[in-house]
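Worksheet: the structure to be examined is printed underneath.
In this chain, numbering begins with 1 at the start of the sequence shown.
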Amino acid sequence: MSKPGLDKWYAYMKSHDAAALWDLLHPDAVFESPVVHTPQRGRDITFKYLTSAAKVLGGPTFRYLGEWRNDTGAVLEFENEIDGIKLNGVDIITFDADGRITHFKVMVRPLKAINLLHRLMGEQLMQQSGATSQSQSR
């Protein structure tokens, strides 16, 4: 059984097409990070986190290992290796009736992978903030 939102997510992970991701996110989307205590609310911040994560995690060794679905979403297990550290985690994605992402939660293990992800995501988010600030000042 095909789920349009999930199919679009997989397509985004292959293409990294920012416009496609933006369209896939519900305006009230919520993102939950493995390293940030509070949920991040809204399309803008969810987009920022997911595009940063795609840059940090979406390299050539990233792959989804398994998928579990229900009527409103899916859990996707992934793995990657970055700087010699194996990451294992899950994306827990909830979709609305139109196939847009309403909630996206990421869980990662082991601890040294979380620490690496925390550092790399922080650097990527700072780069994005710098790029946004520079483009707004032009």
Side-chain angles (χ1 to χ4, degrees):
M1 179 173 98
S2 179
K3 283 189 133 1
L6 189 55
D7 292 342
K8 288 179 183 177
W9 173 253
Y10 282 130
Y12 165 71
M13 287 302 292
K14 286 182 183 174
S15 71
H16 298 283
D17 177 357
L21 176 60
W22 183 261
D23 291 342
L24 183 57
L25 294 174
H26 187 278
D28 297 324
V30 175
F31 179 80
E32 291 189 72
S33 164
V35 296
V36 177
H37 176 69
T38 57
Q40 305 300 298
R41 299 183 184 281
R43 180 188 277 163
D44 289 336
I45 193 72
T46 300
F47 178 81
K48 189 174 185 178
Y49 270 90
L50 289 175
T51 54
S52 291
K55 289 178 183 167
V56 169
L57 286 170
T61 59
F62 178 89
R63 69 185 188 109
Y64 281 116
L65 304 172
E67 172 187 296
W68 298 266
R69 299 178 183 198
N70 67 18
D71 291 340
T72 59
V75 176
L76 310 176
E77 183 182 9
F78 64 84
E79 73 176 8
N80 198 354
E81 185 171 329
I82 301 172
D83 296 341
I85 297 174
K86 284 197 164 210
L87 292 100
N88 175 244
V90 292
D91 292 333
I92 304 170
I93 310 170
T94 305
F95 299 94
D96 69 6
D98 296 324
R100 293 181 300 174
I101 294 172
T102 58
H103 194 207
F104 199 108
K105 182 187 296 187
V106 181
M107 301 176 85
V108 175
R109 60 167 299 280
L111 180 58
K112 65 182 176 179
I114 293 171
N115 290 335
L116 174 66
L117 188 60
H118 182 246
R119 179 177 60 82
L120 295 175
M121 282 293 294
E123 291 169 3
Q124 185 61 45
L125 288 164
M126 289 294 283
Q127 285 179 7
Q128 274 198 14
S129 293
T132 301
S133 296
Q134 288 174 2
S135 66
Q136 289 174 349
S137 64
R138 291 182 186 161

- Here the gap from Leu87 atom CG to Arg109 atom CZ, rounded to the nearest 0.5 Å, amounts to 10.0 Å
- How close do Ser52 and Leu125 get, heavy atom to heavy atom, and via which atoms? OG-CD2, 3.3 Å
- Pairs involving residues 67-103, ordered by first then second residue, that meet ring-ring contact (aromatic ring centres under 6.0 Å, His included) (sequence neighbours left out): Phe62-Phe78
- Under 3.5 Å donor-acceptor, Asn80 side chain and Leu57 backbone: yes
- Task: Quick one: pull up CG in Leu21 and NZ in Lys8 and give me the separation to the nearest 0.5 Å.
- Result: 12.0 Å
- Message: Just to verify, what does Trp22 make a ring pair (Phe, Tyr, Trp, His ring centres under 6.0 Å) with, not counting sequence neighbours?
- Response: Phe47
- Is the Tyr64 to Tyr10 ring centre distance short of 6.0 Å? yes
- Item | Close side-chain approach of Pro27 to Arg43, heavy-atom, < 4.5 Å | yes
- Query: Out of curiosity, Asp44 CG to Phe31 CZ, how far, rounded to the nearest 0.5 Å?
  - Reply: 14.5 Å
- For the atom pair CG (Leu50) and CE (Met13), what is the distance rounded to the nearest 0.5 Å? 9.0 Å
- Message: To the nearest 0.5 Å, what is the distance between CG on Asp83 and NZ on Lys112?
- Response: 11.5 Å
- Side-chain heavy-atom pair Val75, Glu77 within 4.5 angstrom cut-off: no
- Item | Residue pair Leu76, Leu6: steps toward the side-chain contact (heavy atoms from CB on, under 4.5 Å) verdict | CA-CA 10 Å; Leu76 310 176; Leu6 189 55; 4.0 Å; yes
- Item | Nearest-0.5 Å distance that lies between atom CG in Leu24 and atom CG in Asp17 | 11.0 Å
- Task: Determine, using the 4.5 Å side-chain heavy-atom cutoff (strictly less than), whether Phe104 and Met107 are members of one ILVMFWY cluster.
- Result: no
- Message: Does any part of the side chain of Val108, heavy atoms only, come nearer than 4.5 Å to the side chain of Val35, both counted from C-beta?
- Response: no
- Message: I'd like to know whether Asn88 forms a side-chain contact (heavy atoms from CB on, under 4.5 Å) with Leu65, so could you lay out the CA-CA distance, the side-chain angles of the two residues, the decisive distance to 0.1 Å, and finally the verdict.
- Response: CA-CA 10 Å; Asn88 175 244; Leu65 304 172; 4.1 Å; yes
